[in-house]
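Here the structure is laid out as structure tokens; the discussion comes afterwards.
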Amino acid sequence: MSDERESSIEPVRDPALRAALVDALGEQPAGSDWAAMTARARAAAQLRLRGRARVAPWWEQVRPWAARLLPLGAAAAAAALVFAMATPRAAATADTALVSYSLGARDPIADAVAAPNGSGTVQRIAGPVDDDWLWNATAAAHAAEPR
Amino acid sequence: MTADDAVDAALVERVRDGDVDAYDELVRRHLQRAHAVAYRLLGHREDAEDLVQDAFIQALDRIDSFDVERPFAPWFFRILTNRGLNMRQSRALRTVSEIPDDAASAGESPEQHAEREELRARLREAVATLPGRQQLIVQLFEIDGWTSAEIARTLGISDGTVRWHVHEARRALREALGPLRRQEQS
């Protein structure tokens with residue numbers, strides 16, 4: 001039989017034939033659980049589809065993390081900048097400094113000022129340590145030097 | 001392509017990218033119709049459900065070969081009907097429990113009951129002698145009330161071909177029923 005053959009006349013419904021066919025072959029069964037069937041199909045497909053899942057390019061994978069982390073990074077950088085501007089410069093205003101000298105090296109005055117407790121000692125000097133302080137201390141040492 | 005076909009095509013594209021929800025939606029859109037066709041092919045609800053599941057999985061396995069420029073339904077239903085016809089040939093189907101049993105109806109005489117049984121048997125036999133697709137078409141048209149256009153769209157054939165199958169099937173069935181009908185009338 002060929003499927004190419006066609007009829008242009010729409011068949012009229014035949015109630016007697018329908019009744020006989022229903023009696024012989026039955027109606028469509030009612031009460032099919034469509035939700036259960038859909039769930040069954042989904043479960044069967046899930047494994048197959050997991051294998052097919054498209055791997056996103058790296059920039060798409062990174063984008064959500066970048067969106068979360070960038071504001072945090074910016075906030076941290078701003079906080080660091082504010083902190084740096086508000087904090088006095090350490091070198092010029094240090095309250096204390098640890099200095100180690102070797103007595104008798106080349107400058108006995110500086111030795112006397114800096115390490116009165118002897119060679120190789122480490123002395124904690126209170127107050128800002130800068131050129132003025134060192135000049136004054138050296139001048140005092142010269143003045144005290146026996147003539 | 002119709003709007004429905006376009007929706008199907010979009011869902012197929014998403015399924016190809018591994019989208020389970022899109023597959024769900026595709027199944028939901030065609031499930032009831034698929035079950036109706038499967039039931040007419042196999043005559044048993046559980047067998048029909050198994051066939052529908054098999055067909056959907058097979059369609060998923062072949063989804064890359066589907067041409068999205070064409071309608072999805074005929075492609076899917078070709079898979080379903082081919083598989084159903086093969087199952088019917090190769091597998092001993094369970095007893096068709098949904099077919100009305102042989103018990104006599106109330107108020108029916110033994111002669112009338114015997115006559116009705118003969119009519120049923122002849123009709124089943126006559127349907128079974130029709131080509132597979134013609135059996136399906138005549139049942140969807142006569143029993144389930146589908147229009148020839150609906151059947152054509154689902155099976156991917158022309159309206160005219162559907163109508164021709166219905167005419168041919170009716171002729172064969174009326175011939176089978178003829179003697180009994182004449183007896184009834186006389």
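Here the structure is a predicted model, which means the values were calculated and not measured. We name chains A, B, ... by the order of the sequence lines, and we start the count at 1 in each one.
Inter-residue side-chain proximity for B/D21 and A/R42 is flagged as met; some heavy-atom pair is nearer than 4.5 Å. The closest side-chain heavy-atom distance from A/W34 to B/H35 is below 4.5 Å. Side-chain contact between B/L31 and A/M37: present, with at least one pair of heavy atoms (C-beta onward) separated by less than 4.5 Å. Residues B/L123 and A/L25 fail the side-chain proximity criterion, which asks for heavy atoms closer than 4.5 Å.
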(request) List the steps, then state whether side-chain contact (heavy atoms from CB on, under 4.5 Å) holds for A/D14 with B/R174. (result) CA-CA 11 Å; A/D14 180 345; B/R174 282 180 182 135; 2.7 Å; yes

(request) Give the C-alpha distance, both sets of side-chain angles, the deciding distance and a yes or no for side-chain contact (heavy atoms from CB on, under 4.5 Å) between B/R40 and A/Q28. (result) CA-CA 8 Å; B/R40 286 302 165 209; A/Q28 286 280 347; 3.7 Å; yes

(request) Would you check, one step at a time, whether the test salt bridge (Lys or Arg N to Asp or Glu O under 4.0 Å) holds for A/R40 with B/D50? (result) CA-CA 10 Å; A/R40 192 177 152 199; B/D50 289 346; 3.0 Å; yes

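For B/R124 (side chain) and A/A24 (main-chain N/O), a donor-acceptor pair under 3.5 Å exists by modelled atom type. Proximity of a side-chain donor or acceptor of A/R18 to a complementary backbone N or O of B/I143 within less than 3.5 Å is detected.
With a threshold of 4.5 angstrom between heavy atoms, B/Q32 approaches chain A through its backbone and through its side chain. Both the backbone and the side chain of B/E49 come within less than 4.5 Å of a heavy atom of chain A.
Within the cation-pi definition used here (under 6.0 Å to the ring centroid, within 45° of the axis), A/R13 qualifies as a partner of B/F141.
Looking at B/V20, B/L60, B/V15 one by one, the single match for side chain to side chain contact (heavy atoms under 4.5 Å, CB included) with A/R48 turns out to be B/L60.
The environment of B/E125 atom CD is sparse: at most 12 non-hydrogen atoms of other residues, nucleotides or ligands sit within 6.0 angstrom.
Contacts with chain A were tallied for B/G145, B/A121, B/A48; B/G145 has the most, counting heavy-atom pairs under 4.5 Å.
Smallest separation of non-hydrogen atoms from A/A45 and B/Y23: CB-CE2, 3.2 Å. Smallest separation of non-hydrogen atoms from A/P11 and B/R170: CB-NH1, 3.5 Å.
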